[in-house]
Amino acid sequence: SLAPGFCAMLLGLCVNDSDDTFNERIFSCKIPEFCDQPQCNGIFAAIDLTVPAPIGEVTGPEMSLVCLADFKARAQERLSKSSWDLIEGEADEGITYNENITALKRIRLRPRYLRDVSEVDTRTTIQGQEIVAPIGISPTAFHSLAWPDGEKSTARAAEEANVCYITSIYASCTLEDIVAAAPRGFRWFQLLVQSDWEVNRQLIRRVEALGFKALVITVDAPILGKRRQNIRNGLNLEAKLKDLLPPEEVRKISDSKGIT
């Protein structure tokens, strides 16, 4: 068992002085029966304190998130049900959603043997710009549901990592603010093709003036899918759009999608 005060001692090393709820928002306890600090709430999620380990092998709580599935599970814990259902939810019975996952799992990387892999370089050049890997952040809407800075933080992270960020037409920040947040970032823009070609032209001119280098065109959404969880949760995307964006941005996107 742990000596009294042990969690309190380590807790002092881990809690952010400006926010004593830091651990409560991020970690869950594996050893609550040993913890003598209610405030701890499992700050040692990544460390099994019942097994001795050399000091050099003990790492921080961030080790509890080691793969995409870990981040997904943690996000579901932290987000409201309606926000999580919007991000993760599928339309109708989820047939296309499940088939997409199955299709991706069928992709295999072909190994090449007896190659020198002492130095691996994933850099490539796209449109004359070198990026660290042939990877782009796909267009997803309403990042402000998960983080206050929304797409501005996403853009900054992409710029720092030196990968391409594809901005959604349903971004919760203005395009101008996203560009200002990461002025050196490599960015493309998702265009949902509109029936009004003048609207398409206006959008294209706008993103071109802001330095977006390419369009990622969505052509398979003439109508929105019936997302059952959103309906059950009473989530109104049109109202959410108006809540997240300043009025001038709402007008621009509403005009393009016929939202009033």
Side-chain angles (χ1 to χ4, degrees), residues 25-26 65 68 71-72 74-76 78-90 126-127 129 131-194 199-200 202-221 224-225 227 230 233 235-257 259:
R25 288 189 281 110
I26 298 181
L65 304 176
L68 186 60
F71 282 95
K72 181 177 177 179
R74 186 58 52 85
Q76 187 173 10
R78 300 304 172 188
L79 292 172
S80 68
K81 183 178 185 302
S82 60
S83 294
W84 173 254
D85 287 345
L86 172 62
I87 294 170
E88 177 65 10
E90 68 279 356
I126 299 178
Q127 296 178 312
Q129 180 162 338
I131 55 177
V132 298
I135 295 172
I137 299 176
S138 64
T140 52
F142 302 135
H143 290 196
S144 290
L145 290 175
W147 190 253
D149 267 357
E151 289 80 4
K152 291 185 288 185
S153 286
T154 308
R156 283 191 290 263
E159 180 183 74
E160 183 175 350
N162 193 20
V163 296
C164 180
Y165 170 39
I166 306 166
T167 303
S168 168
I169 192 173
Y170 280 122
S172 50
C173 302
T174 68
L175 299 177
E176 288 77 9
D177 285 347
I178 294 170
V179 171
R184 297 180 304 277
F186 183 42
R187 48 188 172 269
W188 294 351
F189 179 74
Q190 176 209 23
L191 174 67
L192 280 79
V193 176
Q194 309 300 309
V199 171
N200 293 323
Q202 291 175 6
L203 281 171
I204 292 169
R205 291 189 188 111
R206 182 182 173 201
V207 298
E208 184 178 22
L210 288 170
F212 289 81
K213 301 297 184 183
L215 299 175
V216 176
I217 300 177
T218 299
V219 297
D220 63 347
L224 296 178
R227 296 191 171 216
N230 291 349
N233 293 331
L235 182 63
N236 185 331
L237 290 181
E238 297 175 9
K240 180 63 67 176
L241 179 67
K242 294 176 182 178
D243 289 341
L244 290 173
L245 297 182
E248 64 275 12
E249 194 73 6
V250 173
R251 284 194 295 271
K252 291 171 185 175
I253 298 181
S254 296
D255 290 345
S256 70
K257 293 297 292 180
I259 297 174

Would you say S172's side chain and G150's backbone share a donor-acceptor pair under 3.5 angstrom?
->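 Looks like no, no N/O pair under 3.5 Å.
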
Between the side chain of R184 and the main-chain N/O of E159, is any donor-acceptor distance below 3.5 Å?
->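 No, R184 side chain to E159 backbone: no donor-acceptor pair under 3.5 Å.
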
Greater than 12 external heavy atoms within 6.0 Å of E160's CD =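 Counting other residues, nucleotides and ligands, CD of E160 stays at 12 neighbours or fewer.
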
Look at atom CD of E208 and say whether more than 12 heavy atoms of other residues, nucleotides or ligands are closer to it than 6.0 Å.
->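 Count not over threshold, so no.
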
Anything under 30° is parallel, anything over 60° is perpendicular, the rest tilted; go ahead and classify H143 against Y165.
->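 H143 vs Y165 ring planes: tilted.
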
With sequence neighbours left out, what residues match Q190 under side-chain hydrogen bond (donor to acceptor under 3.5 Å, both in side chains)?
->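 Here the qualifying residues are S168, T218.
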
Mind checking the [atom1]-[atom2] spacing from [X] to [Y]? Nearest 0.5 Å is all I need.
X: L210; Y: R205; atom1: CG; atom2: CZ; result: 14.0 Å
X: W147; Y: T154; atom1: CH2; atom2: OG1; result: 11.0 Å
X: R187; Y: L175; atom1: CZ; atom2: CG; result: 10.0 Å
X: Q76; Y: F71; atom1: CD; atom2: CZ; result: 15.5 Å
X: K81; Y: N233; atom1: NZ; atom2: CG; result: 4.0 Å
X: K152; Y: T174; atom1: NZ; atom2: OG1; result: 7.5 Å

Note, [X] side chain near [Y] side chain (heavy atom, < 4.5 Å):
X: Q127; Y: W188; value: yes
X: I87; Y: F142; value: no
X: L68; Y: K72; value: no
X: F186; Y: I126; value: yes

To check you understand the geometry: which heavy-atom pair defines the closest contact between [X] and [Y], and what is its length?
X: L191; Y: L215; answer: CD2-CD1, 4.2 Å
X: S144; Y: D149; answer: OG-C, 4.5 Å
X: L86; Y: L145; answer: CD2-CD1, 3.2 Å

Under the criterion side-chain contact (heavy atoms from CB on, under 4.5 Å), which of I166, V207, I178 is the partner of F189?
->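 Looking at I166, V207, I178, the match for F189 under the side-chain contact (heavy atoms from CB on, under 4.5 Å) is V207.
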
